[in-house]
Amino acid sequence: MIKKEIKMRDRARLIQEDYIDTEFGPWKVLSVCQCLHRAAWPAAEVVATELFEVFPNPYIVDDYDSVPGTESYDQAYKILKCLGLGDRRAKFFTRMCWDYTTAVTAHKNNLEAYPIKEFMGCGQYAQDAWSLFVLKKACLPKDRLLLKYAERKGLCL
């Protein structure tokens with residue numbers, strides 16, 4: 001694996017902000033949330049960049065079985081293992097891609113109907129990030145950095 005230089009940036013700017021206005025931005029926000037789980041933001045930032053180079057969209061994950069030996073799982077594991085919990089992260093990521101594409105099919109552009117907390121590996125942090133970055137909807141996140149973002153954007157309840 002090629003070591004990538006960690007780009008230093010304003011700590012007030014969250015990683016999700018880098019991706020929300022890109023193609024497949026909502027899915028990328030959820031993927032970044034998974035990278036951030038129990039990981040330092042500089043490492044998560046580097047991993048997210050590499051993850052989106054290999055998986056530019058959720059449809060490229062061709063085997064949603066989330067088991068070792070399948071191509072998508074193995075690629076995801078190789079990228080995510082440096083954050084710790086590699087097996088779990090790879091399973092959650094590949095399954096979350098399937099959950100997301102299923103929601104796209106079922107709900108189309110009705111982003112409020114997406115059952116974020118039912119997506120594999122997505123909890124309250126992902127739900128709050130979805131509300132703030134994707135829906136641009138006010139909420140009261142428990143995470144201090146999401147709370148600062150909500151306050152900065154006037155989205156804090």
Side-chain angles (χ1 to χ4, degrees), residues 1-109 111 114-136 141 143 145-146 148-149 153:
M1 181 167 117
I2 299 172
K3 281 198 169 191
K4 296 188 180 195
E5 184 177 324
I6 297 174
K7 54 184 174 178
M8 300 306 286
R9 61 188 175 100
D10 180 4
R11 284 285 302 230
R13 184 167 169 82
L14 301 179
I15 301 169
Q16 293 93 326
E17 292 179 85
D18 294 343
Y19 294 103
I20 189 54
D21 293 325
T22 65
E23 188 173 24
F24 300 102
W27 166 76
K28 289 178 181 178
V29 165
L30 297 178
S31 299
V32 167
C33 291
Q34 287 191 344
C35 290
L36 285 166
H37 179 70
R38 295 184 180 225
W41 76 266
E45 182 175 33
V46 171
V47 167
T49 301
E50 187 173 346
L51 192 65
F52 298 141
E53 287 172 6
V54 175
F55 300 98
N57 66 68
Y59 300 100
I60 202 163
V61 176
D62 57 1
D63 45 356
Y64 298 111
D65 292 333
S66 302
V67 293
T70 57
E71 186 177 350
S72 293
Y73 170 91
D74 290 348
Q75 288 179 314
Y77 177 81
K78 187 176 174 182
I79 297 166
L80 295 165
K81 71 180 178 181
C82 67
L83 295 175
L85 308 169
D87 180 60
R88 186 175 181 177
R89 284 184 198 276
K91 286 178 182 178
F92 284 7
F93 174 74
T94 54
R95 180 56 194 258
M96 185 273 295
C97 291
W98 182 82
D99 293 339
Y100 183 85
T101 58
T102 301
V104 169
T105 301
H107 304 292
K108 306 285 186 244
N109 291 328
L111 299 174
Y114 286 38
I116 302 306
K117 288 174 89 174
E118 293 177 21
F119 292 179
M120 182 64 84
C122 293
Q124 189 61 50
Y125 180 84
Q127 181 67 58
D128 291 342
W130 185 266
S131 294
L132 293 170
F133 295 105
V134 177
L135 302 178
K136 311 282 191 239
D143 179 81
L145 293 177
L146 283 182
K148 282 184 179 182
Y149 174 83
K153 295 293 187 174

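All values below come from the heavy atoms of this structure, side chains included, with hydrogens, waters and symmetry mates left out.
Taking each heavy atom of L51 and S31 in turn, the nearest pair found is CD2-CB, 4.5 Å. The minimum heavy-atom distance between V29 and A129, with the atom names listed, is CG1-CB, 4.1 Å. The heavy-atom pair separating D128 from P141 by the smallest distance is OD2-CA, 3.3 Å. Taking each heavy atom of Y100 and P58 in turn, the nearest pair found is CD2-CG, 3.8 Å. Shown here for A126 and C33, the closest heavy-atom pair between the two residues is CA-SG, 3.9 Å. A pairwise comparison of heavy atoms in P26 and I20 identifies N-CD1, 4.1 Å as the closest pair.
For the pair T102 and W98, the minimum side-chain heavy-atom distance is below 4.5 Å. In this structure, Y59 and V104 have side chains that are in contact, with non-hydrogen atoms separated by less than 4.5 Å. Inter-residue side-chain proximity for L36 and I15 is flagged as met; some heavy-atom pair is nearer than 4.5 Å. Side-chain contact check for R89 versus L83: some heavy-atom pair is nearer than 4.5 Å. At least one side-chain heavy atom of E17 sits less than 4.5 Å from a side-chain heavy atom of L14. Using a 4.5 Å heavy-atom cutoff, the side chains of F93 and L30 are not in contact. Side-chain contact between C122 and Q34 is present, with at least one heavy-atom pair separated by less than 4.5 Å. Considering only heavy atoms from C-beta on, F55 comes within 4.5 Å of Q75 through its side chain.
Between the side chain of W130 and the main chain of K117, no donor-acceptor pair closer than 3.5 Å is present.
Atom-to-atom distance recorded for R88:CZ and L80:CG is 13.0 Å, nearest 0.5 angstrom. S131 contributes atom OG, which lies 8.0 Å from atom CD of Q124 (distance to the nearest 0.5 angstrom). Atom CD of residue Q16 and atom CG of residue D21 lie 12.5 Å apart, to the nearest 0.5 angstrom. Of the inter-residue distances, the one linking Y77 atom OH with T70 atom OG1 reads 13.5 Å to the nearest 0.5 angstrom. We find the CZ-CD distance between F52 and E23 to be 12.5 Å, quoted to the nearest 0.5 Å. Here NZ of K81 is found 12.5 Å from CG of D87. Values are rounded to the nearest 0.5 Å.
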Next on the checklist: Between T94 and M120, is the side-chain contact (heavy atoms from CB on, under 4.5 Å) condition met? List the steps.
Outcome noted: CA-CA 9 Å; T94 54; M120 182 64 84; over 6 Å; no
Checklist entry - Run the side-chain contact (heavy atoms from CB on, under 4.5 Å) check on D18 and E45 step by step: do they pass? => result CA-CA 10 Å; D18 294 343; E45 182 175 33; 4.0 Å; yes
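Residues passing the ring pair (Phe, Tyr, Trp, His ring centres under 6.0 Å) test with F133 are Y149, sequence neighbours excluded. For F24, the ring pair (Phe, Tyr, Trp, His ring centres under 6.0 Å) test picks out no residue, with sequence neighbours left out.
In this pair, H107 and Y114 present their aromatic rings tilted. The plane angle is within the 30 to 60° band.
Taking the six-membered ring where the residue is Trp, the centroids of W27 and Y19 are separated by 6.0 Å or more.
Using a 4.0 Å cut-off between charged nitrogen and carboxylate oxygen, D99 and R95 count as a salt-bridge pair.
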